[in-house]
Q: 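To start, I am sharing the structure in question, which I have written as structure tokens.
Note that the structure is a prediction, hence the values are computed from the model and not measured. Worth knowing before you read on, the calculation uses all heavy atoms, side chains too, and leaves out hydrogens, waters and symmetry mates. In what follows, chains carry the letters A, B, and so on, assigned in the order in which the sequence lines appear, proteins first and then strands, with residues in each chain numbered from 1.
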Protein chains: 2
Amino acid sequence: MESALEVLASSIARWIENGDRLETAVPGLSLFRRDEPTQPMSGMYEPSICVVAQGAKRVILGDDTFVYDAHHYLITSVHLPTVVQIIDANREKPFLGLSLKLDMGEISKMMVDSNLPAPRPQQSNRGMATGEVTLPLLNAFQRLVDLLADQKDVPILAPTIEREIVYRLLVGDQGARLRQIASAGSQSQQIGHVIEWLKRNFTHPLRIGDLAAKSGMSPSTFHHHFRSLTALSPLQYQKQLRLREARRLMLTDHLDAATASFRVGYESPSQFSREYSRLFGAPPLRDIAGLRQMTAVQTMNPARVLAAETA
Amino acid sequence: MESALEVLASSIARWIENGDRLETAVPGLSLFRRDEPTQPMSGMYEPSICVVAQGAKRVILGDDTFVYDAHHYLITSVHLPTVVQIIDANREKPFLGLSLKLDMGEISKMMVDSNLPAPRPQQSNRGMATGEVTLPLLNAFQRLVDLLADQKDVPILAPTIEREIVYRLLVGDQGARLRQIASAGSQSQQIGHVIEWLKRNFTHPLRIGDLAAKSGMSPSTFHHHFRSLTALSPLQYQKQLRLREARRLMLTDHLDAATASFRVGYESPSQFSREYSRLFGAPPLRDIAGLRQMTAVQTMNPARVLAAETA
DNA sequence: TGATTTATTGTCCGATCCTGCGAGGTCTTC
DNA sequence: GAAGACCTCGCAGGATCGGACAATAAATCA
């Protein structure tokens, strides 16, 4: 196990010398590297599995915090705004990890095809969980990373390996959680759809009645499930999407605060500013200035910082 | 609509001159033809969609009878032993139909991928239902049959057309039923798995408790759902599998009644004979003799008759 | 430096949202 | 067949949001 981790770590390190995120030639597979711990910063998780070869990372989602490291993967079933922090990394042993996007459709198909034990409790849970990394799982990821050396094999072999990974996750200790969100028709799955919709339409003002209807639940039930999955109310979730996007617009497109606020759906800059401060700790201009300075110190371009945050 | 049906009818007729079942080059697609009405005879349905271009057919499942014709398709979600009868066919306007196997995994994937409305009521229902044929659905089947003329296109085009068909079924009036059985983790889906297992292992003596455990329900709940889906108790279901297989063994492999009965799991030929009569109306030898005669009259080989029954 | 523009903070208000609770229904179990 | 678990729904009070307006602070430019 330990030696397998070392091999994976060096494989990852070989591909990502500096910079902290690399989209690889295997669709959906990203590599991560950090040479030192970071401050807590807001980040977005997508439906994916994250594995760490070296170091440790902390994710805060509402009241829960998840820590994952070389022996614990993090599995995420919907897009979730979180606060993330690398807590174990240094120049000799940098944080090295990878993430692989999950396709819920494929997972669902696999659940039906293989006679997996039924998930008795249908109740919603957090859209994120940590589980124990097993050696076979690690080996599968190793093979996936190895594919990068021989890219012509990717289209053929990657799907097979990914299916193996999904299977191992489904039968693993967090399989029930995954099954829940991938089960067509389950509440979690319906909420997942609403979240996808929100991600595309966050600039429109939103009526939660409509969202509830989309998910086929009453408003009150909808609220319950949404919160239990995301730790946020629907409106708070949308707000985070808006503010994050506004931050991106200001940072990379150099928009001023007012137009950014309009762009993401706010009609009053004052309200925008107020809520921005509450989320990011500082009002728009000051926050952006801080970020710019950070990137300047690290001699990194702003886009890269953003990439790290929208991982 | 009427003209579309005529076109489909002649397309089917072109491919199947005589004989009553034809497995086509499109995997899972079968064509059917009958030049005259039949007596009721026992038949097995598999997860599939059946469409009729001309004529009508009756299926009896427990207390329910389903009739389907040019304007009504029959959708089946699990393997079901039934009694079937062609009720509308003659030499001028023979019964012409087709069936397409359904892959529950694909259906499940599609349900997750497309934002389909949630199936509110989770209660189990019969594993079979009729629905109204729409023109787009008919057109899709027409295109599928047309593929038979250009077989090199099959691997590329057939899956697309089948996906369209599945989609139209999902949003059609019987979509909820389909969603239910395809929903990973739903009770119907669990029962479906058990049925698959039974089909492979019907020769072993069976313990209801084990089956129930397989489906993750208590024995009583399992019983309940099984019955509502199949109109049979698990034991009756298994019995039908055994007796049908015994009949096949005697008819095509020319086994004698005793060895056939042992082969399918019976330990006492007398018990076998008694239950055989009850299901098929006549004791083994007499029944087989009758079937042989029928096939002789129709100058068909026995295997073909059987094929009709295990449609 | 002063003028002008832009950003931030404050307060207020109406509308909407959010959460906890109890009733009612369904499914499960014994 | 009855008790029990689970889920959903609707409700009501309290919390929050988003916008309006105004005032102050900061930044930009002449």
Q: Is any side-chain nitrogen or oxygen of A/H223 closer than 4.0 Å to OP1 or OP2 of C/dC18?
A: yes
Q: Side chains of B/Q236 and B/Q240: do they bring a donor and an acceptor to under 3.5 Å?
A: no
Q: Could you tell me whether A/P234 contacts a base, only the sugar-phosphate backbone, or nothing, with contacts defined as non-hydrogen atoms closer than 4.0 Å?
A: sugar-phosphate
Q: With a 4.0 Å heavy-atom cut-off, tell me which residues in residues 259-269 of chain A come close to DNA chain D, sorted by residue number.
A: A/Y266, A/E267, A/S268
Q: Could you check A/L285 against B/P219 and say which one's nearest nucleotide on DNA chain C is further toward the 5' end?
A: A/L285
Q: Other residues, nucleotides and ligands only: do more than 12 of their heavy atoms fall within 6.0 Å of CZ on A/R263?
A: no
Q: Can a side-chain donor-acceptor contact be found between A/T221 and A/S218 if the only test is distance below 3.5 angstrom?
A: yes
Q: Can you check the A/Q236 CD to D/dT16 C1' distance for me, whole Å?
A: 9 Å
Q: So, B/E132 and B/Y73: side-chain donor and acceptor under 3.5 Å apart, yes or no?
A: no
Q: Step by step, work out the salt bridge (Lys or Arg N to Asp or Glu O under 4.0 Å) result for B/D113 and B/K109.
A: CA-CA 6 Å; B/D113 289 346; B/K109 178 175 158 67; 3.7 Å; yes
Q: Evaluate A/D256 against A/M250 for side-chain contact (heavy atoms from CB on, under 4.5 Å), listing each step before the verdict.
A: CA-CA 6 Å; A/D256 60 291; A/M250 291 188 288; over 6 Å; no
Q: Just by distance, no angles: are the side chains of A/Q271 and A/R274 close enough, under 3.5 Å, to form a donor-acceptor pair?
A: yes
Q: Indicate, yes or no, whether a donor-acceptor pair under 3.5 Å links the base of D/dG18 to the side chain of A/R274.
A: no
Q: Does A/R207 put a side-chain nitrogen or oxygen below 4.0 Å from OP1 or OP2 of C/dA15?
A: no
Q: Rounding to an integer number of Å, can you tell me how far A/Y276 OH sits from D/dC17 P?
A: 17 Å
Q: Taking CD from A/Q271 and C1' from C/dG14, how many angstroms apart are they, rounded to a whole number?
A: 13 Å
Q: Of the listed nucleotides (C/dT8, C/dC17, D/dG19), which one gets closest to any side-chain atom of A/R286?
A: C/dT8
Q: Using a cut-off of strictly less than 4.0 Å, decide whether B/Q187 has a side-chain nitrogen or oxygen near OP1 or OP2 of C/dT28.
A: yes
Q: Nearest whole Å is fine: how far is C/dC27 P from B/F226 CZ?
A: 20 Å
Q: From CG of A/D256 over to C1' of D/dT28, roughly how many Å is that when rounded to an integer?
A: 13 Å
Q: Need one value for B/T221: base, sugar-phosphate or nothing, where a base atom within 4.0 Å counts as base even if backbone is also close, heavy atoms only.
A: base
Q: Nearest to the side chain of A/I208, which nucleotide is it out of C/dC18, C/dT29, D/dG18?
A: C/dC18
Q: Kindly say if A/S233 contacts the phosphate of C/dC18, meaning a side-chain N or O under 4.0 Å from OP1 or OP2.
A: yes
Q: Has the side chain of A/S218 got a donor or acceptor that lies under 3.5 Å from a partner of the other kind on the base of D/dG10?
A: no
Q: Rounded to whole Å, please give me the gap between CZ in A/F280 and P in C/dT8.
A: 13 Å
Q: Between the side chains of B/S99 and B/S48, is a donor N or O closer than 3.5 angstrom to an acceptor N or O?
A: no
Q: Considering every strand and a 4.0 Å limit on heavy-atom distances, what is the contact class for A/L232: base, sugar-phosphate, or nothing?
A: nothing
Q: If each of A/S270 and B/F222 is mapped to the nucleotide of DNA chain C with the nearest heavy atom, which maps nearer the 5' terminus, i.e. the 5' end?
A: A/S270
Q: Round to a whole Å and report the spacing from NE2 of A/H225 to P of D/dC7.
A: 8 Å
Q: Whole Å only: how far is the CD atom of A/Q238 from the C1' atom of C/dC18?
A: 15 Å
